[in-house]
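One structure below.
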2 protein chains.
Amino acid sequence: MERRAHRPRIADVAREAGVSKTAVSFAFNSPERLSLETADRIREVAESLGYRPHPVARMLTQRRTMTLGVLTPQALSVIFSNPFFAPFNEGIARAAEDEGYELHFISPIHGSLPAAVSRATVDGVVAIGVSAEHPEVGQIRRAGLPIVMVDAEDGEHSSVVIDEEGGARAAAAHLLELGHRDILVLAVEAPQVADERADRAAPAVTVRRLRGYRRAFESAGLTLDPSRVIAARASIDGGAAAFQGAWSQGLRPTAVLAMSDAMALGAIRAARELGLRVPAELSVVGFDDIDLASHVDPALTTVHQPIRQKGFEAARLLLEEVEQPASPSRHLRLETRLIVRGSTAPLHARGEVPGTQQ
Amino acid sequence: MERRAHRPRIADVAREAGVSKTAVSFAFNSPERLSLETADRIREVAESLGYRPHPVARMLTQRRTMTLGVLTPQALSVIFSNPFFAPFNEGIARAAEDEGYELHFISPIHGSLPAAVSRATVDGVVAIGVSAEHPEVGQIRRAGLPIVMVDAEDGEHSSVVIDEEGGARAAAAHLLELGHRDILVLAVEAPQVADERADRAAPAVTVRRLRGYRRAFESAGLTLDPSRVIAARASIDGGAAAFQGAWSQGLRPTAVLAMSDAMALGAIRAARELGLRVPAELSVVGFDDIDLASHVDPALTTVHQPIRQKGFEAARLLLEEVEQPASPSRHLRLETRLIVRGSTAPLHARGEVPGTQQ
DNA sequence: GTGTGCCGCTAAACCGGTTTTCTAAACCGG
DNA sequence: CCGGTTTAGAAAACCGGTTTAGCGGCACAC
């Protein structure tokens with residue numbers, strides 16, 4: 001009686017076929033080193049046993065996983081629900097699958113990103129939402145893996161960034177041209193990491209976009225009042241809460257500059273609940289141009305950034321370094337542009353007076 | 001002069017600390033088997049060398065990857081752009097990260113799903129869009145991995161399905177109650193696999209939803225004309241093309257039953273381009289209730305299915321089997337319900353006569 | 001004084017493959 | 001018929017860890 005609860009190993013095939021493990025390996029990987037009949041026979045035996053080379057063992061000997069890692073401090077579940085990540089991941093995926101690579105998301109495990117990194121079986125990493133100073137970046141580097149930074153720059157690693165300052169500037173200039181002066185800025189706050197080190201400094205993205213806003217004000221001979229800048233979570237709820245909070249503190253802005261479309265959507269929702277009409281009584285500009293932006297009513301005026309392309313280019317850069325380890329680091333900068341839709345209007349173009357009905 | 005271009009291995013740490021490899025391994029995995037000082041010293045040396053246990057080697061010896069696989073015949077890039085997959089993945093991710101598992105998407109590599117499966121380093125698989133007869137399912141089973149089927153049932157494996165027939169029936173009944181009789185059905189066609197075996201049989205999902213539609217007709221003493229059932233790709237473009245095609249063949253339906261929201265949206269777009277107003281001149285019902293459905297104008301009447309929960313439950317089931325291999329297979333069936341929004345209206349409620357302007 | 005048990009650690013086997021090195025037989029020209 | 005080159009495949013080393021078996025030394029009991 002034969003018991004074989006286990007997955008067949010290469011040794012099983014070798015024994016059954018009366019050859020060495022080497023021969024079996026050759027039959028699959030370099031059949032030209034075997035006589036035709038031997039190779040055929042081995043493959044037949046393997047087939048009948050249902051043998052497949054163990055992928056982990058293969059990774060170990062070949063020293064490659066054929067997998068790209070996507071490193072982010074966001075939780076895994078957020079990555080799939082967040083409308084920004086969808087096209088970004090799509091771009092990465094397209095580049096990866098062109099070359100036969102798989103994708104692996106490196107997100108905090110039980111709150112710890114370093115733990116996730118040390119467990120990741122990848123050939124290289126695309127990092128997003130992580131600055132170059134993050135210890136995880138060094139950790140990856142020491143492991144001998146190439147890394148491409150997205151939305152962050154340092155001289156050492158390859159990177160893909162967008163013209164955030166230019167886009168932000170265009171957004172602010174648009175509102176100023178429409179006559180708005182009392183403008184509320186919704187800034188992206190640092191994501192709460194369930195980590196001991198709580199370096200709650202503003203994200204680099206926030207700093208750069210804020211600089212763009214400020215420049216527009218300066219060009220118009222104005223200054224951006226820091227008390228009008230409110231940090232909030234980059235989500236619909238975060239944007240809604242921030243606008244709501246500002247309103248209840250007595251602020252009565254005529255326009256909102258949001259650093260993400262999600263926040264912009266939240267601000268619109270909160271404004272409506274307060275009885276304000278958009279854009280008649282409140283103009284709102286977002287940032288990112290997520291797919292949803294053109295589908296909401298009114299369609300969102302926002303700064304377009306090529307999210308899909310950003311993911312695609314980052315993955316391309318990474319693949320290059322993975323397949324050619326000696327290649328020098330490269331830096332890409334993609335354009336942004338303002339897209340004017342229906343959520344912004346001239347300051348005094350309001351139709352009727354505000355009603356009390358929502 | 002010391003050259004060390006390589007990532008430090010356990011042997012390096014052992015040599016440096018003057019102990020055996022075993023001791024180093026113990027220092028990390030079972031420190032209680034070492035004296036406190038030895039363990040500390042080893043960890044110090046490891047730290048100074050920047051040593052991290054190689055994750056692939058670990059997987060090999062521990063015979064577990066702490067990774068769940070998501071098997072689909074769709075291309076990787078589709079998974080991230082498809083509005084159905086977003087919440088589904090989110091649900092899976094939530095369950096996985098609760099238990100400290102990672103996620104790995106098993107999609108065709110250069111068109112071959114079997115190739116992807118044999119390369120996948122996972123502890124178990126959630127399969128979606130794949131029927132139990134697919135050879136890949138057996139392939140996974142032979143590798144000794146547990147598998148949970150989604151939207152497909154067979155006695156052997158665990159599964160999570162929804163009440164498709166009930167949902168479809170409710171959708172059709174809704175249109176019939178509104179007085180519609182000339183109804184166009186947009187069915188989901190089998191995805192084109194870049195594979196030799198072209199078993200272009202209708203997907204099981206299509207069969208079940210169609211049955212639901214038919215039942216509703218029968219209950220109303222009517223029959224569903226097979227010539228009114230058109231198969232198309234489950235995308236916005238697919239739905240648009242299908243409606244457009246039906247129209248140009250002379251069909252003039254007053255309502256559309258789409259088997260996916262994406263197709264429904266496409267039908268609406270095509271109808272508008274033909275000068276039809278929705279819902280005044282054409283009622284449209286979708287299926288799935290993707291996030292976008294409530295945001296479009298008019299908001300889409302559709303059959304809600306708990307996509308997020310479906311992913312979550314599937315992953316829970318899988319995790320159970322992964323952690324307790326002997327456990328029996330289980331079967332879940334989740335409810336669906338019709339959500340009436342703005343894309344459907346009574347047959348003769350049309351406001352004005354159709355204009356020629358679009 | 002010696003057997004027993006425990007402590008702290010090491011050597012060797014193992015996970016499941018690939019790759020390098022090596023050998024016996026076949027081939028080949030002179 | 002002989003030395004040298006191919007050819008087909010085997011043996012062994014290796015990838016980088018973990019785990020099992022075992023060993024020397026010390027404390028304690030008898």
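Below, each value reflects all heavy atoms present in this structure, side chains not excepted, and no hydrogens, waters or symmetry copies. Lettering of chains follows the sequences in order, A, B, ..., and the numbering in each one begins at 1.
For B:Arg41, the CZ atom is densely surrounded, since the number of other residues' heavy atoms within 6.0 Å is greater than 12.
Counted by atom type alone, A:His331 and A:Glu153 present zero donor-acceptor pairs between their side chains at under 3.5 Å.
Between A:Phe88 and A:Phe85, the two ring planes are perpendicular [angle over 60°; tilted spans 30° to 60°]. The aromatic rings of B:Phe80 and A:Phe80 sit parallel to each other, their planes meeting at less than 30°, with 60° as the upper class boundary.
Taking 4.0 angstrom as the limit, B:Thr61 places none of its side-chain polar atoms (N or O) nearer than this to OP1 or OP2 of D:dG17. For C:dG17, the OP1/OP2 oxygens have a side-chain nitrogen or oxygen of A:Tyr51 closer than 4.0 Å.
In a base pair of the Watson-Crick type (N1 to N3 plus N6-O4 or O6-N4) or a G-U wobble (N1-O2 and O6-N3), with each distance short of 3.5 Å, C:dG30 is matched with D:dC1. Judged by Watson-Crick or G-U wobble contacts below 3.5 Å, the nucleotide D:dA10 has C:dT21 as its partner.
The pair A:Arg316-A:Asp98 does not count as a salt bridge, with every side-chain nitrogen at least 4.0 angstrom from each carboxylate oxygen.
Among the atoms of the strands shown, only primed sugar atoms or phosphate atoms (P, OP1, OP2) are found under 4.0 Å from some heavy atom of A:Arg52. Contact annotation for B:Ser25: base contact, defined as any heavy-atom pair under 4.0 Å involving a base atom. Counting any heavy atom pair closer than 4.0 Å across all strands shown, B:Val19 reaches sugar-phosphate atoms only and no base atom.
Annotation: of the two residues near DNA chain C, B:Ala23 and B:Leu60, the 5′-most nearest-nucleotide partner is B:Ala23.
You'll find the ring centres of B:Tyr51 and B:Phe28 inside the 6.0 Å limit.
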Distances for protein N/O vs nucleotides 20-27 of chain C N/O pairs under 3.5 angstrom?
none

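With hydrogens and angles ignored, no donor-acceptor pair closer than 3.5 Å exists between the side chain of A:Lys21 and the base of C:dG16.
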